[in-house]
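Written out below as structure tokens is the structure these notes cover.
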Amino acid sequence: MQGVKTTIISLLSVLLLTSPVWAASWDMPTPYPDKTFHTVNIRQFADDVAKATNGKFTIQVHSAGSLFKHSEIKNAVRSGQVQIGEFFLSLLANENGIFGFDSVPFVATSYADAEKMWAAQKDAVAKLLDKQNMIPLFSVPWPPQALYVNKEINSVDDLRGIKFRANNPLQHQLASKLGMIPVQIEVPDLPQAFTTGRVEAMMTSPSTGVNSRSWDYVSNYYDVKAWVPKNIVVVNKRAWRKLDKATQQIVLEQAAIAEKRGWELSKEENISKVEELKKSKMQVHTEGLETIMSGLTKVGHEMAAEWKEQTGAEGAEILKNYESSK
């Protein structure tokens, strides 16, 4: 009997030594390819965490939607299928309008204003995520959204009747206010949609414009900086609590570094991609946009007021804090 007991203890010892500790390695799905600056930043974050913990804690990055589709990542983290993940924050706007503040057009049209917007918004976002068993780690913006259109525009009146790519409720609302016709088109279908006339205008980043070779199917780029949307990195709350305090501190420190680095990468991305567009066959309009911006900003203020009404007292407080910080 003693021999059997000794054998069982030995086997348990081997299993404990050879089995991976759940908290020692996390899986992190991201929706974007490896060359996207967001993914570059995420991989650097994971490398830095591993180095800072001497390899005792690692984060395995699964890029390009290889582990979960973009729309599935939030719920995968929430349910504990994975411990950490990245997704586009305003994807959650249908759950609560607070998540979509950064996609209300013509409210924050610069990186400086986008930082102030995030400062005003992040506590409320954290509270909402906490109710879903998640903790936000950091957030990084995309370059500002620009107007791509298949004709020259001198004022917002020139947009009336144009078929506009609108893939979320706020874009549908924007299109309607400007007299455009909203049409839902996914990014891979953009070239054919523009070529066949199913859509004539869109608002997206210079990154998407370059990556989809927009100059092959749309003629004009207007640098209106409509909004500065963000990605967010979140962790599962139960997984977080399984980490010891020292590891938690390291992750928080590296997250702060990754957020700062990510904002700088986004600014660099914006400059480089606009330059690429200028070198293409597209007409790039970056100056003399005062008349267009006047009309667009008026619509933006209307939409901000409606967002404030929709989100109630919490939204009003966020908007007040943002406006007072400018």
Side-chain angles (χ1 to χ4, degrees), residues 22-53 57-93 95 99-100 102-103 114 118 122 125-126 129 132-143 145 167-168 186-188 204-208 210-212 228-237 239-240 243 250-252 254-270 273:
W22 183 72
S25 181
W26 283 2
D27 287 306
M28 181 176 186
T30 72
Y32 308 106
D34 286 325
K35 290 184 179 179
T36 304
F37 76 92
H38 281 284
T39 309
V40 170
N41 189 42
I42 291 294
R43 287 196 178 279
Q44 185 65 57
F45 164 68
D47 289 345
D48 291 344
V49 167
K51 289 175 184 175
T53 60
F57 176 65
T58 60
I59 298 172
Q60 304 299 321
V61 178
H62 303 269
S63 60
S66 58
L67 190 60
F68 288 97
K69 295 178 182 177
H70 195 172
S71 59
E72 299 170 343
I73 291 175
K74 187 269 284 187
N75 284 334
V77 177
R78 180 182 184 180
S79 64
Q81 292 174 273
V82 292
Q83 300 88 0
I84 183 171
E86 177 199 31
F87 53 84
F88 191 59
L89 181 58
S90 60
L91 277 181
L92 310 187
E95 295 181 14
F99 289 123
D102 63 9
S103 291
W118 178 229
K122 63 182 177 181
V125 167
L129 291 173
Q132 299 190 43
N133 195 40
M134 291 177 286
I135 301 169
L137 270 189
F138 63 92
S139 183
V140 172
W142 287 94
Q145 309 295 284
N167 279 31
N168 62 47
E186 298 301 327
V187 171
T204 193
S205 70
S207 304
T208 299
V210 169
N211 294 341
S212 66
V228 188
K230 299 182 294 292
N231 286 354
I232 192 166
V233 173
V234 301
V235 300
N236 178 277
K237 194 158 53 174
W240 179 253
L243 297 180
I250 287 171
V251 173
L252 290 174
Q254 295 305 323
I257 292 170
E259 181 165 89
K260 184 177 181 180
R261 179 178 59 235
W263 282 74
E264 292 306 312
L265 287 172
S266 182
K267 293 172 186 177
E268 293 169 9
E269 171 91 353
N270 185 50
K273 296 305 183 186

Practice task
Give a yes or no on whether the backbone of Thr39 and the side-chain of Thr30 come within a donor-acceptor separation of less than 3.5 Å.
Solution key: no
Handout entry: Spacing of Ile84 atom CD1 and Ile42 atom CD1 [to the nearest 0.5 Å]
Key = 7.0 Å
Practice task
Calculate, to the nearest 0.5 Å, the distance between atoms CZ and NZ belonging to Arg78 and Lys237 respectively.
Solution key: 11.0 Å
Exercise for the section: Taking salt bridge (Lys or Arg N to Asp or Glu O under 4.0 Å) as the test, write out the residues that go with Glu268, two or more places apart. Expected result: none
Problem - Backbone N/O of Lys69 and side chain of Glu72: donor-acceptor pair under 3.5 Å - result: yes
Handout entry: pair Asn168-Phe88: side-chain heavy atoms closer than 4.5 Å
Key = no
Exercise for the section: Would you give the length of the straight line joining atom CG of Leu129 to atom NZ of Lys74, rounded to the nearest 0.5 angstrom? Expected result: 8.5 Å
Practice task
Give, for atom CG of Asn236 and atom OG of Ser79, the distance between the pair rounded to the nearest 0.5 Å.
Solution key: 7.5 Å
Handout entry: Within-4.5 Å side-chain heavy-atom neighbours: Phe87 and Ile232
Key = yes
Fill in the blank from the handout: Ala46 and Val61 have their tightest heavy-atom pair at CB-CG2, 3.9 Å
Exercise for the section: Could you tell me which non-hydrogen atom of Leu137 sits nearest to which non-hydrogen atom of Ala255, and how far apart they are? Expected result: O-CB, 4.0 Å
Exercise for the section: Look only at the side chain of Ser205 and the backbone of Gln145, and say whether a donor-acceptor pair between them is shorter than 3.5 Å. Expected result: no
Practice task
Check whether any side-chain N or O of Gln254 sits under 3.5 Å from a backbone N or O of Leu252 as a donor-acceptor pair, and report yes or no.
Solution key: no
Practice task
Taking the side chain as every heavy atom from C-beta outward, state whether Arg43 and Asp34 have any pair of such atoms under 4.5 Å apart.
Solution key: yes
Practice task
Quick one: sort the Trp142 and Tyr32 rings into parallel, tilted or perpendicular, breaks at 30° and 60°.
Solution key: perpendicular
Fill in the blank from the handout: Here the gap from Glu259 atom CD to Trp118 atom CH2, rounded to the nearest 0.5 Å, amounts to 7.0 Å
Practice task
Taking the side chain as every heavy atom from C-beta outward, state whether Phe37 and Lys273 have any pair of such atoms under 4.5 Å apart.
Solution key: no
Handout entry: Residues in side chain to side chain contact (heavy atoms under 4.5 Å, CB included) contact with Gln60, at least two apart in sequence or another chain
Key = Ser25, Asp27, Thr58, His62
Completion exercise
Closest heavy-atom pair, Gly85 versus Ile73, reported as atoms and distance to 0.1 Å, is CA-CG2, 4.0 Å
Exercise for the section: Check whether any side-chain heavy atom of Val251 sits under 4.5 Å from a side-chain heavy atom of Trp240, and report yes or no. Expected result: yes
Problem - Thr204 side-chain N/O to Thr208 backbone N/O, donor-acceptor pair under 3.5 Å - result: no
Practice task
State whether the side chain of His38 and the backbone N or O of Pro31 hold a donor-acceptor pair below 3.5 Å, judged by distance alone.
Solution key: no
Fill in the blank from the handout: Nearest heavy-atom approach of Ala258 to Phe138 is CB-CZ, 3.8 Å
Exercise for the section: Would you mind telling me which of Arg261, Glu269, Lys267 makes a side chain to side chain contact (heavy atoms under 4.5 Å, CB included) with Leu265? Expected result: Arg261
Fill in the blank from the handout: Distance col, row Ile59:CD1 vs Met28:CE, nearest 0.5 angstrom, shows 7.0 Å
